[in-house]
Amino acid sequence: MKELTRRHGEGSQWTQAGRHRTLQAIGRELQAEGYQLRHARNLKPRHVTALLDRWKKDGIAHATIRNRLGNLRWLAEKIGKPGLLPKSNESFGLEERTPFQGLKAKPLDRARLATITDARIQLALRLQQAFGLRREEALKFRPSFADKGTYLALKPSWTKGGRYREIPLTDPRQRVLLDEVWDLCGHGSLIPDGQTFHQFRKAYDNATLRAGLRNNHGLRHWYACWRYKALLGRLPPALGGTTCDGLSPEACRHEYFVRLQVSRELGHNRVDVTATYLGPRWARKAAA
């Protein structure tokens, strides 16, 4: 497992490190359960079942189990056993849907932003809001690769899970922001010369903490709500908009595809994930 994670470096450094830790832990857990596997290729469905039983018995949260299963699916693909696990987690008795836990969207506080003296960190925060980027995606941003004129292309090594994605430019303010990034970075990235990504991330964390800009993942939630309104013409349920209850089948289908578009721009590709950002599609399901 260790060799496989080192040989196949898909995803950001954060993703690779997390995958490495998770698979090493899974190997130790299988040993603790009495399985002495000589190679990862010897993994079978019964081993996955044993792991699931152990995790559920230990009271591991469903979200954590889903992440672990995602790493196992990655491993199964690398060892030539893509059918080792089903694509859906429903058969494992896990909740696939990410529930709405309250509004987390927040715009960037410009007054607090102005207190940050590092222009690169300022731009990273603005990129997070303008394009719904994760922190690592914004910090590694390189305009010479990403800026395709009418859309952004995110390199797999920047993104969670190593998923290449494209984000359309739909607002003139996005172009203004990208021009500012070009002016500062040229053909380089936001990471300053002479610094590693980890050093720049620490500088970002310290600067945002001093400025009182916490929970900046909320900027990504803000982008999701903004795109939903731009595509559908009304606020999402998270901001007080209506759910699909009472809508015509045609209007409900249209809302579904809007959510799918937002999900893809965020790098998820599943509609159910958008409940976290936009609120539930159905009021009756939220109540249940």
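In terms of heavy atoms, L190 sits closest to C185 at CD2-SG, 3.4 Å. Heavy atoms only, all atoms of each residue included: A40 and L75 are closest at CB-CD1, 4.3 Å. Pairing each heavy atom of L133 with each of A138, the nearest pair is CD1-CA, 4.0 Å. Between L139 and I191 the shortest heavy-atom distance is O-CG1, 3.4 Å. Listed here is the closest heavy atom pair of C252 and C244: SG-SG, 3.7 Å. Heavy-atom minimum distance, H217 versus Y277: NE2-OH, 4.1 Å.
Between L177 and L123, the closest side-chain pair of non-hydrogen atoms falls below 4.5 Å. Side-chain atoms of W222 and K106, non-hydrogen and from C-beta on, never get closer than 4.5 Å to each other. Between R281 and T243 the shortest side-chain heavy-atom distance does not fall below 4.5 Å. When side chains are defined from C-beta on, Q174 does not count as touching L178, because their heavy atoms never get closer than 4.5 Å. The side-chain heavy atoms of L84 and R73, taken from C-beta on, include no pair separated by under 4.5 Å. Looking at L72 and T22, their side chains never come closer than 4.5 Å, going by heavy atoms from C-beta outward. Residues L113 and R126 are in side-chain contact: their nearest non-hydrogen atoms beyond the backbone lie under 4.5 Å apart. The side-chain heavy atoms of T170 and W226, taken from C-beta on, include a pair separated by under 4.5 Å.
Outside the 6.0 Å centre-distance limit, the rings of F197 and W158 are not counted as a close aromatic pair.
Side chain of D171 to backbone of R173: a donor-acceptor contact under 3.5 angstrom is found. Within the 3.5 Å criterion, the main-chain N or O of W282 finds no donor-acceptor partner in the side chain of D245. Between the side chain of N215 and the backbone N or O of G218, no donor-acceptor pair lies under 3.5 Å.
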**Q.** Derivation of the side chain to side chain contact (heavy atoms under 4.5 Å, CB included) call for C225 and L239
**A.** CA-CA 8 Å; C225 292; L239 292 176; 3.8 Å; yes
Q. For Y204 and E136, what are the C-alpha separation, side-chain angles and deciding distance, and is it a side-chain hydrogen bond (donor to acceptor under 3.5 Å, both in side chains)?
A. CA-CA 10 Å; Y204 168 100; E136 184 166 347; over 6 Å; no
**Q.** side chain to side chain contact (heavy atoms under 4.5 Å, CB included) between R120 and L184, worked out
**A.** CA-CA 8 Å; R120 292 173 182 268; L184 182 64; 3.5 Å; yes
Q) Going through the distances and angles, do W74 and L23 end up as a side chain to side chain contact (heavy atoms under 4.5 Å, CB included)? A) CA-CA 10 Å; W74 178 91; L23 291 177; 3.9 Å; yes
Q | salt bridge (Lys or Arg N to Asp or Glu O under 4.0 Å) between R270 and D272, worked out | A | CA-CA 6 Å; R270 294 198 335 266; D272 61 342; 3.0 Å; yes
Q: Would you sort out whether T274 and R259 count as a side-chain hydrogen bond (donor to acceptor under 3.5 Å, both in side chains), showing the intermediate values?
A: CA-CA 7 Å; T274 62; R259 283 183 179 254; 3.0 Å; yes
Q.
For a salt bridge (Lys or Arg N to Asp or Glu O under 4.0 Å) check, start with the C-alpha distance between K57 and D53, then their side-chain angles and the critical distance, and finish with the verdict.
A. CA-CA 6 Å; K57 182 179 178 180; D53 290 343; over 6 Å; no
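Counting only N and O atoms by type, the side chains of E265 and Y223 include a donor and acceptor under 3.5 Å apart. If you check the side chains of W55 and E29, you find a donor sitting under 3.5 Å from an acceptor. Using modelled atom types and a 3.5 Å distance limit, the side chains of R41 and H39 yield a donor-acceptor pair. Using a 3.5 Å distance cut-off with no hydrogens or angles, the side chains of H20 and T5 do pair a donor with an acceptor.
Taking a 6.0 Å sphere around NZ of K202, one finds it holds 12 or fewer heavy atoms contributed by other residues, nucleotides or ligands. The number of heavy atoms from other shown groups lying within 6.0 Å of NZ (K229) does not exceed 12. Residue R234 qualifies as enclosed at atom CZ: its count of foreign heavy atoms under 6.0 Å is above 12. No more than 12 heavy atoms of other residues, nucleotides or ligands shown are found within 6.0 angstrom of NZ on K160. Residue K56 places its NZ atom among more than 12 non-hydrogen atoms of other residues, nucleotides or ligands, all under 6.0 Å distant.
The residue from N216, T208, D205 that alone fulfils the side chain to side chain contact (heavy atoms under 4.5 Å, CB included) condition with R135 is D205. Remark: of the listed residues R165, R201, R142, R163, R165 is the sole one forming a salt bridge (charged side-chain N to carboxylate O under 4.0 Å, His left out) with E137.
Salt-bridge annotation for R253 and E250: absent, with no side-chain N of the basic residue lying under 4.0 Å from a carboxylate O of the acidic one.
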